[in-house]
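The chains referred to below are lettered A, B, ... by the order of the sequence lines, with proteins before strands, and numbering in each begins at 1. These numbers come from the heavy atoms of this one structure, side chains and all, not from hydrogens, waters or symmetry mates.
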There are 2 protein chains.
Amino acid sequence: MEELLRKLDDMYCLPEPMRSEFAKIWQPMAYPKGHHLLRDGSVNNYLYFITKGVARIYYHKQDKEVTEWLALDQTFFFSIRSFFQRTPSHLAIHLLEPSELFALHHDQLMQLCDRYHEVEKMFRRMITGSLVLSQIRMESIQFETAQQRYQRLLAMNPDILQRVPLAYIASFLGITQETLSRVRGAR
Amino acid sequence: MEELLRKLDDMYCLPEPMRSEFAKIWQPMAYPKGHHLLRDGSVNNYLYFITKGVARIYYHKQDKEVTEWLALDQTFFFSIRSFFQRTPSHLAIHLLEPSELFALHHDQLMQLCDRYHEVEKMFRRMITGSLVLSQIRMESIQFETAQQRYQRLLAMNPDILQRVPLAYIASFLGITQETLSRVRGAR
DNA sequence: TGGGTGTTTTGACAAATGTCAAAAAGTAAA
DNA sequence: TTTACTTTTTGACATTTGTCAAAACACCCA
């Protein structure tokens, strides 16, 4: 819980009555490796924060699985489109390690946003951060080689190699596993 | 101004005192073709809405120019990172046609967000919309061929070919002009 | 220890896209 | 209409990445 609150403070320091009220609506949970937090076709009602473990967000493209995002410890994740638009998700989310998480229900978040301007502001900043990240990733995908994308990922997550199978990393980088293997060999 | 207000209502219908107060802080402007709204290296203080014309957002990658976004009529645009993080922009913005725009200054927007919860909410929804768009574009770039991306662009902007040089479109799609030319020829 | 299973690498070749140079087409002004 | 200029297309070839199949490696556990 401490890590979560610290992350939230980074975005916006809620004044005290709201801070603890906001803290209260996060539900702590723990699941084994392989557990699905979200199956494709259902609406993503929760915004997650992972304190320990790894989550993988993926979808089916024709017959293949495509990894859209890898969430390591101390990060937020969810199906952006499904959560905000309240539509069935084309994404699924499962855990690559036994994990500990906090989950925040969409409706409870929205209620608190309606009630407290401060919560709304904090949430707005959180989304703004996601938008900036999303832009950076887009530029990376569009204008860097597989090699460069791999280096960038390693720089941001030095221990990802030990924790996530290469097939998922390759898919996340937008290349095949074989290409990733060759890129790695070249250095 | 009507178009702008209609777009804003789509996101969130502001109640009346705030709606007109919000409308007041948008500054109308008109510039000739080629005018730079933002030069790289300076902070992007304005969020723009274009009512007539085309704006191109681009940056320098080594010796080349890369088109990051093309904003046709009735859309919002700005340098996301610079505007939110208040840092010098690596992006520049200029106009491909004589254009009419509305501009909203960062500080005025933030002041109104602080003052009115409703404005904050509307702005939050606006950013949420950008985030969803950004996600969709990311998937498109990562998992579609040049051919498919071209078709998608045309479907969303049928008149873009008449208004934007192919070199810019190619760059926006993340391919070279020659490849775009061949993709076009193949249908 | 030795299968058995899943993961990662390698090889041979195909497909997509990039690069550079030149030709063709289009546009605008004299 | 002619010229000068810009934009778009084409050609030849190089590079990157993908595909499919097989080999090498790593790990678990009986």
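Under the 30°/60° scheme for interplanar angles, the aromatic rings of B/W26 and B/F49 are found to stand perpendicular.
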#### Entry: Stepwise salt bridge (charged side-chain N to carboxylate O under 4.0 Å, His left out) test for B/R81 and A/E139
CA-CA 12 Å; B/R81 275 197 256 172; A/E139 281 179 20; 3.1 Å; yes
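Here the closest non-hydrogen pair linking A/F83 and A/Y46 is CE1-C, 3.7 Å.
Side-chain atoms of A/S89 and A/S82 include no donor-acceptor pair closer than 3.5 Å. For the residue pair A/E144 and A/Q151, no side-chain donor N or O sits within less than 3.5 Å of a side-chain acceptor on the partner. A donor atom on one side chain and an acceptor atom on the other are found under 3.5 Å apart for B/R56 and B/T67.
In the 5' to 3' direction, nucleotides of DNA chain C lying under 4.0 Å from heavy atoms of chain A begin and end at C/dT8 to C/dA12.
Toward the 5′ end of DNA chain D lies the nearest nucleotide of B/S181, the other residue of the pair B/S181 and A/E178 mapping further downstream.
Salt-bridge check for A/D10 with A/R6: failed, with every basic side-chain N at 4.0 Å or more from each acidic carboxylate O.
Against DNA chain C, the stretch residues 155-164 of chain B makes no heavy-atom approach under 4.0 Å.
Between A/L154 atom CG and A/I160 atom CD1 the span is 8.0 Å, to the nearest 0.5 Å.
From one end of the helix from C/dT1-D/dA30 to C/dA30-D/dT1 to the other, with five pairs defining each end axis, the axis direction shifts by 30° (rounded to 10°).
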